[in-house]
Novice: 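Structure provided below as structure tokens; questions to follow.
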Amino acid sequence: MKITVLDGYGLNPGDLSWEPIAQLGELTVFPRTSAEEFYAHAEGADILLTNKTLITAEHIDRLPDLKYIGILATGYNVVDTEAARKHGIPVCNIPAYSTRSVAQMVFALLLAITNRVEHYAEENRKGRWSRNTDFCYWDTPLMELSGKKMGIVGLGHTGMATARIALAFGMEVYACTSKSPLQLGTDIRKSTMEELFSACDVISLNCPLTPETHHLVNPHTLALMTPGAILINTGRGPLVDEEAVAEALRNNTLAAYGTDVTSTEPPSADHPLLSAPNAYLTPHIAWATREARLRLMGICEENIRAFLQGKPQNVVNP
């Protein structure tokens with residue numbers, strides 16, 4: 001069984017081992033695969049593993065040996081799943097591997113905004129504290145999270161993990177979710193989107209990207225937000241109208257925006273958020289803790305084993 005990884009570098013830049021997957025077949029790992037290189041890399045593969053490399057209907061039509069597509073991520077929009085289904089090819093993803101890491105990033109971004117640790121550490125490297133007349137100094141607003149209202153859009157695995165951390169900080173948690181109030185318990189308040197945006201000091205986007213959630217954050221919802229509100233996005237870049245968010249940051253109607261994702265990745269050098277005040281961007285690394293990537297690799301191995309045993313799991317195109 002020939003197994004080909006089209007873009008292995010993103011998952012494993014060298015600190016993990018491919019050996020468990022190599023035990024399952026003849027393994028070839030390409031760091032990256034451009035559109036021009038696709039057929040040269042994919043030809044003859046029984047199993048293709050991809051993270052962000054597109055696999056289209058045309059690709060699938062021209063790969064007669066292909067029997068299985070594994071996605072090295074949770075989202076599967078990079079594969080034409082319907083074309084694969086028509087060819088009898090299961091497409092399997094990796095669900096819930098990064099839940100705790102992504103929830104951690106929500107608060108890494110939030111604490112970077114509220115406490116500005118990096119700013120003060122850098123100032124002190126320059127000698128500012130050593131030269132200071134008083135025993136302390138601060139030149140940014142500092143916020144205590146306890147007692148603040150946190151609104152979570154989407155209460156799946158990551159949203160629920162985020163809610164638990166917020167509650168541990170002493171925050172009041174509101175959620176816009178399809179879950180019933182009985183499923184939420186007494187600590188999380190179910191609310192509508194408008195109620196959530198109008199009431200909360202911090203809003204965290206943890207929902208999938210769908211036609212309904214595209215540009216969920218837009219001039220209308222931004223106008224609903226309370227003065228000094230903070231927006232966090234670890235979901236998908238297109239959940240927000242980035243031009244509108246940049247403008248809200250420039251005119252101080254939004255206090256800060258922390259995001260691990262942008263609509264196009266990597267963003268262009270003139271992306272509006274790169275020059276907007278109080279925009280905190282990380283390069284899509286919430287999922288990339290070593291622990292999460294090890295879980296991803298382990299589930300990938302389990303998925304392939306299940307397929308080889310005739311019982312594919314985590315199939316997104318049954």
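In this chain, residues are counted from 1 in sequence order. These numbers come from a predicted model, not from an experiment.
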Novice: Start with the C-alpha gap between L11 and L296, add the side-chain angles, then the distance that decides, and say whether side-chain contact (heavy atoms from CB on, under 4.5 Å) holds.
Specialist: CA-CA 9 Å; L11 166 61; L296 191 161; 3.8 Å; yes
Novice: Taking the basic N atoms (NZ, or NE/NH1/NH2) and the acidic carboxylate oxygens, is any pair closer than 4.0 Å for R128 and D139?
Specialist: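 Between D139 and R128 there is a salt bridge, with a charged N closer than 4.0 Å to a carboxylate O.
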Novice: Looking only at the aromatic ring of each residue, does the gap between the centers of F169 and F107 stay below 6.0 angstrom?
Specialist: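 Yes, ring centres under 6.0 Å apart.
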Novice: Should D187 and R164 count as an ion pair when the cut-off is N to O under 4.0 Å?
Specialist: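 Salt bridge absent between D187 and R164.
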Novice: Minimum heavy-atom separation for L24 and L308, please, with both atom names.
Specialist: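 Minimum heavy-atom separation between L24 and L308: O-CD1, 4.0 Å.
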Novice: Out of I69, L48, T50, which one pairs with V91 under the side-chain contact (heavy atoms from CB on, under 4.5 Å) rule?
Specialist: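 Among the candidates, only I69 passes.
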Novice: Should R305 and E302 count as an ion pair when the cut-off is N to O under 4.0 Å?
Specialist: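 Not counted as a salt bridge, because no side-chain N and carboxylate O are separated by less than 4.0 Å.
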Novice: Between D46 and K2, is there a salt bridge with N-O shorter than 4.0 Å?
Specialist: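 So K2 does not pair with D46 through a salt bridge.
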Novice: Is it the case that over 12 heavy atoms from other parts of the model lie below 6.0 angstrom from the OH atom of Y76?
Specialist: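 At most 12 heavy atoms, drawn from other residues, nucleotides or ligands, come within 6.0 Å of this atom.
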Novice: Among side-chain atoms of N124 and Y137, is any donor-acceptor pair under 3.5 angstrom?
Specialist: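 There is such a pair (donor and acceptor under 3.5 Å, judged by atom type) between the side chains of N124 and Y137.
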Novice: Walk me through it: do C92 and V316 pass the test side-chain contact (heavy atoms from CB on, under 4.5 Å)?
Specialist: CA-CA 6 Å; C92 301; V316 300; over 6 Å; no
Novice: Hey, are H271 and E243 close enough side-chain-wise for a donor-acceptor pair under 3.5 Å?
Specialist: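 E243 vs H271: no donor-acceptor pair found between side chains.
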Novice: Would you find more than 12 non-hydrogen atoms of other residues, nucleotides or ligands less than 6.0 Å from Q313 atom CD?
Specialist: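 Yes, enclosed.
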Novice: For S34 and E37, does a side-chain donor sit closer than 3.5 Å to a side-chain acceptor?
Specialist: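 Distance-only check passes for S34 and E37.
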Novice: Check whether any side-chain heavy atom of I94 lies under 4.5 Å from a side-chain heavy atom of M297, and answer yes or no.
Specialist: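 Contact flag for I94/M297 side chains = no.
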Novice: Can you tell if the side chain of L254 reaches within under 4.5 Å of the side chain of V245, non-hydrogen atoms only?
Specialist: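 Heavy-atom side-chain distance check passes, below 4.5 Å.
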